[in-house]
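In what follows, every heavy atom counts, from backbone to side chain, and hydrogens, waters and symmetry copies are set aside.
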Amino acid sequence: MARTSDDGADWVIARIATRQHGVVSRTQLLGAGVGRHQIEHRLASGRLHPVHRGVYRVGHQAPGPPAREMAAVLACGPGAAISHRSAARMWEWIERDPGAPIEMTVTRSRAPRLRGVRGHRTTRFDRGDVVLVARVPTTSPARTVLDVAPILPAHQLERIVAEAQVRRLVDHGAIRDQIDRNPGRPGTPALRSLLDLDGGPAPTRSEAERRLVRLLRAADLPAPLVNARVGRFEVDFLLPEH
């Protein structure tokens, strides 16, 4: 591809960065006709700021979300996706933590070592396991649930699964499909237990609610609806039949 002019290079960089939350890769710029010397000049002048090797923020240094996630995906290359706790944050199931490492899963022999990135490896992603969230490749809701199942406390996993079901991001079928396709994964027993609960996972919001749910289950009492809507009100527990 022919090298573009300096003015044209700025336009190309801006166009790519606009759709990628302000970050670009060296490979993308070279492929779009921006020359090596043009890249080096912009690095020296502070118009490009290195994030990872061959990945830059354009005109700024602020690593706001989801710029950090996009930069990590670009640095890890094709076949990489935001996963585990970072994917749960992308799905807004857990709060964002600017100091937490970005968790990535790659379909390579080994995960790359990058500052601020925690790598995981898989032999492959099946169709539908990776989707775009804010234009960032991210594991699907069902795959994310499988990934976080062995690393989150049981009550937090239950709340996440319940919330994902309420938001219609996953259903029992999608989670069981992940279990069936990944029978040896550490999180499958916890997910099976959740799906087998009477009344299903409960979307609790406090320790008091979680304690009451445990007491009701231990006493083998009917499963209530948790944080359910009744007209204009939201009630902590509801037994409609009573």
Before you tell me yes or no, could you show the steps for Thr139 and Asp147 under side-chain contact (heavy atoms from CB on, under 4.5 Å), namely the whole-Å CA-CA distance, both residues' side-chain angles and the distance that decides it to 0.1 Å?
CA-CA 9 Å; Thr139 51; Asp147 287 340; 4.1 Å; yes
Would you say Val145 ends up clustered with Phe125 if hydrophobic residues are merged whenever their side chains have heavy atoms under 4.5 Å apart, either directly or through other cluster members?
no
Please find the pair of heavy atoms, one from Ala67 and one from Val23, that lie closest to each other, and give the distance.
O-CG1, 4.1 Å
Using only atom types and a distance under 3.5 Å, with no angle test, would you say the side chain of Thr27 pairs donor to acceptor with the backbone of Ser25?
no
What one should report as the nearest heavy-atom pair of Arg68 and Gly116 is NH2-O, 4.1 Å
Looking at Arg181 and Asp177, does any basic side-chain N land under 4.0 Å from a carboxylate oxygen?
yes
Compare every heavy atom of Val106 with every heavy atom of Ala80, then report the nearest pair and how far apart it is.
CB-CG1, 3.8 Å
Side-chain contact test, heavy atoms from C-beta onward, threshold under 4.5 Å: evaluate it for Thr105 versus Arg121 and give yes or no.
no
When rounded to the nearest 0.5 angstrom, what distance separates CZ in Arg47 from CD in Gln38?
9.5 Å
Less than 4.0 Å between a side-chain N and a carboxylate O, is that true for Glu40 and Arg26?
yes
In the structure I gave you, are the side-chain heavy atoms of Trp91 and Thr138 within less than 4.5 Å of one another anywhere?
yes
With rounding to the nearest 0.5 angstrom, report the CG to CH2 distance, Leu169 to Trp93.
6.0 Å
Please check: side-chain N/O of His21 versus main-chain N/O of Thr18, any donor-acceptor pairing under 3.5 Å?
no
Residues at least two apart in sequence or cross-chain that pass side chain to side chain contact (heavy atoms under 4.5 Å, CB included) with Pro153, listed by chain then number, are His155, Gln156
Just by modelled atom types, is the Ala174 backbone N or O under 3.5 Å from a matching donor or acceptor in the Asp171 side chain?
yes
Looking at every non-hydrogen atom in both residues, tell me the closest pair between Leu157 and Ala190 and how far apart they are.
CD2-CB, 4.1 Å
Is any side-chain heavy atom of Gln165 closer than 4.5 Å to a side-chain heavy atom of His172?
yes
Distance col, row Ser140:OG vs Arg127:CZ, nearest 0.5 angstrom, shows 13.5 Å
Carefully, step by step, assess Tyr56 and Ile13 under the rule side-chain contact (heavy atoms from CB on, under 4.5 Å).
CA-CA 10 Å; Tyr56 321 111; Ile13 293 170; over 6 Å; no
Test side-chain contact (heavy atoms from CB on, under 4.5 Å) on Asp129 and Arg124; report intermediate values, then the result.
CA-CA 10 Å; Asp129 280 350; Arg124 69 187 179 112; over 6 Å; no
Counting only heavy atoms not in Glu95, do more than 12 fall under 6.0 Å of its CD?
no
Mind checking whether Ile179 and Arg192 have side chains closer than 4.5 Å, heavy atoms only?
yes
With a 4.5 Å heavy-atom cut-off, do Ile94 and Val148 have their side chains touching?
no
Candidate pair Arg135 and Glu69, rule salt bridge (Lys or Arg N to Asp or Glu O under 4.0 Å), full reasoning:
CA-CA 10 Å; Arg135 302 189 300 277; Glu69 288 82 358; over 6 Å; no
Carefully, step by step, assess His84 and Met104 under the rule side-chain contact (heavy atoms from CB on, under 4.5 Å).
CA-CA 8 Å; His84 294 75; Met104 302 282 306; over 6 Å; no
Value rounded to 0.5 Å, distance of OG1 in Thr188 from CG in Leu195:
11.0 Å
Can you see which heavy atom on Gly187 is nearest to which on Pro150, and at what distance?
CA-CD, 3.8 Å
Could you tell me whether the side chain of Arg85 and the main chain of Ala100 form a donor-acceptor pair under 3.5 Å?
no
Linked, directly or transitively: Val58 and Val12 (ILVMFWY side chains, under 4.5 Å):
yes
Could you check whether atom CZ of Arg15 has more than 12 heavy atoms from other residues, nucleotides or ligands sitting under 6.0 Å from it?
yes
How far does CG of Leu132 sit from CD1 of Ile82, to the nearest 0.5 angstrom?
11.5 Å
Could you tell me the separation between the CE atom of Met90 and the OG atom of Ser83, rounded to the nearest 0.5 Å?
11.5 Å
Minimum heavy-atom separation for Val51 to Ala71, with atom names?
CG1-CB, 3.9 Å
Can Leu146 be reached from Val133 by stepping across I, L, V, M, F, W or Y side chains whose heavy atoms are under 4.5 Å apart?
yes
Counting C-beta onward and ignoring hydrogens, is there a side-chain heavy-atom pair between Glu103 and Val117 closer than 4.5 Å?
no
According to a hydrophobic-cluster definition based on side-chain heavy atoms being under 4.5 Å apart (Ile, Leu, Val, Met, Phe, Trp, Tyr only), do Val130 and Ile102 belong together?
no
